[in-house]
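What follows is one structure encoded as structure tokens, with my remarks underneath.
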Amino acid sequence: MATGRSRAENRAMMTDEIRRLGREHLATHGAAGLSLRAIAREMGVVSSAVYRYVPSRDDLLTMLLVEAYNDVGDAIDLAVAAVEADHRRARLLAAAEAAREWALADPARWALLYGSPVPGYAAPGEETTVPGTRIPALLLRECAAAWSEGLLRDDLPTPTTGVAGDMSAIRDEFGIDAPDDVMAASTTLWAVLVGAISLETFGQYGNDTLAHPADLFRSQIELTLSGLFRH
């Protein structure tokens with residue numbers, strides 16, 4: 001019986017269902033436990049039917065990676081856009097808190113992005129680099145804008161020659177106009193954001209250690225921002 005859908009529509013529907021089940025299996029089995037055969041069984045189709053749309057487990061992982069990077073990136077962009085452009089420090093705090101909220105709501109996908117590497121899987125840079133660098137690029141651009149507006153401290157540590165070279169490469173990659181000391185100091189915010197969120201999301205503080213984890217996270221980000229901003 002004809003469905004009335006085009007081949008492209010059928011492909012999109014199948015791919016969306018595979019992706020949806022992939023997210024569910026990620027939450028229950030972890031990235032290393034993803035199986036296209038298991039997804040095919042749940043869909044009630046033979047595995048070859050799934051392989052026509054997603055050729056391998058690695059392709060599914062890449063699909064889920066890109067989707068997760070873009071989902072958390074969209075959440076952060078939305079939070080930042082809600083704060084006026086001349087409130088740079090508040091925009092960075094909003095970005096950090098949006099990332100934390102997303103991670104706590106979907107810890108399995110945060111683990112896919114920032115947890116242990118999946119054995120035997122290497123993310124293809126041509127597909128994952130752009131979505132995977134959305135958050136650090138946003139943070140660096142906001143810090144660069146704050147520097148151009150005279151909001152950052154003038155006593156930021158001078159990076160070593162090697163670090164300065166790394167910052168030059170990052171500056172060129174993202175098209176950011178800021179000196180090496182601003183670039184290097186700004187990466188601290190990225191490191192603290194990912195580290196603090198991961199500690200909480202992965203339960204590394206312990207079950208009964210923190211009664212107010214959101215307040216602690218905010219103070220950690222505020223302390224980091226105090227090392228960047230004049231006030």
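Checked by atom type, the side-chain pair Ser56/Asp59 shows a donor-acceptor distance below 3.5 Å.
In terms of modelled atom types and a separation under 3.5 Å, the side chain of Arg88 and the main chain of Ala144 share no donor-acceptor contact. Side chain of Glu9 to main chain of Ser6: a donor-acceptor pair is present (N/O by atom type, distance under 3.5 Å, no hydrogens or angles). In this structure, the side chain of Ser198 does not engage the main chain of Gly195 through any donor-acceptor pair within 3.5 Å.
Of the candidates Leu139, Thr188, Thr224, Leu193 forms a side-chain contact (heavy atoms from CB on, under 4.5 Å) with just one, namely Leu139.
Taking CE of Met43 as the reference point, atom CE of Met14 lies at 3.5 Å (rounded to 0.5 Å). The CG atom of Leu21 lies 11.5 Å from the OG atom of Ser35; values are rounded to the nearest 0.5 Å. Interatomic distance, CZ of Arg20 versus CD1 of Ile18, reported as 11.5 Å (0.5 Å rounding). Here the CG-CD distance, from Asp215 to Gln220, works out to 11.0 Å after rounding to the nearest 0.5 Å. Tyr121 contributes atom OH, which lies 9.5 Å from atom CG of Leu60 (distance to the nearest 0.5 angstrom). Annotation: the span from Asp58 atom CG to Leu65 atom CG amounts to 10.5 Å, rounded to 0.5 Å.
Sorted by first and then second residue, the pairs that involve residues 158-177 and meet side-chain hydrogen bond (donor to acceptor under 3.5 Å, both in side chains), not counting sequence neighbours, are Arg171-Asp180. For the ring pair (Phe, Tyr, Trp, His ring centres under 6.0 Å) condition, no pair includes a residue of residues 142-171, sequence neighbours left out.
Hydrophobic clustering (ILVMFWY, side-chain heavy atoms < 4.5 Å, transitive): Leu92 and Val72 are in one cluster. The hydrophobic clustering, which links ILVMFWY residues whose side-chain heavy atoms are closer than 4.5 Å, places Leu138 and Leu93 together. Transitive grouping of hydrophobic side chains (ILVMFWY, heavy atoms separated by less than 4.5 Å) keeps Val163 and Leu152 in distinct clusters. In the hydrophobic cluster analysis, where Ile, Leu, Val, Met, Phe, Trp and Tyr join through side-chain heavy atoms closer than 4.5 angstrom, Leu216 is grouped apart from Leu225. Tyr205 and Phe217 end up in different hydrophobic clusters when Ile, Leu, Val, Met, Phe, Trp and Tyr side chains are linked at under 4.5 Å.
Residues Arg89 and Leu228 have side chains not in contact (no heavy-atom distance under 4.5 Å, counting atoms from C-beta outward). At least one side-chain heavy atom of Pro179 sits less than 4.5 Å from a side-chain heavy atom of Val182. Looking at Leu189 and Ile221, their side chains come closer than 4.5 Å, going by heavy atoms from C-beta outward. In this structure, Met183 and Ile176 have side chains that are in contact, with non-hydrogen atoms separated by less than 4.5 Å. Between Asp181 and Pro159 the shortest side-chain heavy-atom distance falls below 4.5 Å. Using a 4.5 Å cut-off on side-chain heavy atoms (C-beta onward), Trp102 and Ile197 make no contact. Two residues are said to be in side-chain contact when any heavy atoms from C-beta on lie closer than 4.5 Å; Met63 and Glu127 fail this criterion.
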Could you go through residues 25-34 and list every donor-acceptor pair under 3.5 Å that involves a side-chain atom there, pairing it with any protein atom two or more places apart or in another chain?
from: His25; atom 1: NE2; to: Glu42; atom 2: OE1; distance (Å): 2.8
from: Thr28; atom 1: OG1; to: Glu24; atom 2: O; distance (Å): 3.2
from: Thr28; atom 1: OG1; to: His25; atom 2: O; distance (Å): 3.3

Show me the donor-acceptor pairs within less than 3.5 Å that the side chains of residues 73-87 make with the rest of the protein, sequence neighbours left out.
from: Asp74; atom 1: OD1; to: Arg134; atom 2: NH1; distance (Å): 3.1
from: Asp74; atom 1: OD1; to: Arg134; atom 2: NH2; distance (Å): 2.9
from: Asp77; atom 1: OD2; to: Arg134; atom 2: NH2; distance (Å): 2.6

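Legend: residues meeting side-chain contact (heavy atoms from CB on, under 4.5 Å) with Glu126, ordered by chain and number and at least two apart, are Pro124. The ring-ring contact (aromatic ring centres under 6.0 Å, His included) search around Tyr114 returns Trp110, Trp190, not counting sequence neighbours. For Ser47, the side-chain contact (heavy atoms from CB on, under 4.5 Å) partners at least two apart in sequence or on another chain are Arg37, Ala40, Tyr51. Not counting sequence neighbours, the partners of Thr133 by the side-chain contact (heavy atoms from CB on, under 4.5 Å) test are Thr129, Pro136, Phe174. Residues satisfying the side-chain contact (heavy atoms from CB on, under 4.5 Å) test with Pro213, not counting sequence neighbours, are Arg100, Glu200, Leu210. Partners of Asp16 under the salt bridge (charged side-chain N to carboxylate O under 4.0 Å, His left out) rule, at least two apart in sequence or in another chain, are Arg19.
As a member of the Ile/Leu/Val/Met/Phe/Trp/Tyr network built from side-chain separations under 4.5 Å, Leu104 groups with nothing else and remains a singleton. Counting Ile, Leu, Val, Met, Phe, Trp and Tyr side chains that sit under 4.5 Å apart, directly or through other members, Val66 stands alone, with no cluster partners.
Across all their heavy atoms, Ser186 and Leu140 have their closest contact at CB-CD2, 3.6 Å. Nearest heavy-atom pair, Asn70 versus Pro131, reported as atom, atom and distance to 0.1 Å: OD1-CB, 3.6 Å.
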Subject >> Verdict with supporting geometry, Phe229 and Arg153, side-chain contact (heavy atoms from CB on, under 4.5 Å) >> reply: CA-CA 5 Å; Phe229 283 75; Arg153 300 167 63 100; 5.7 Å; no

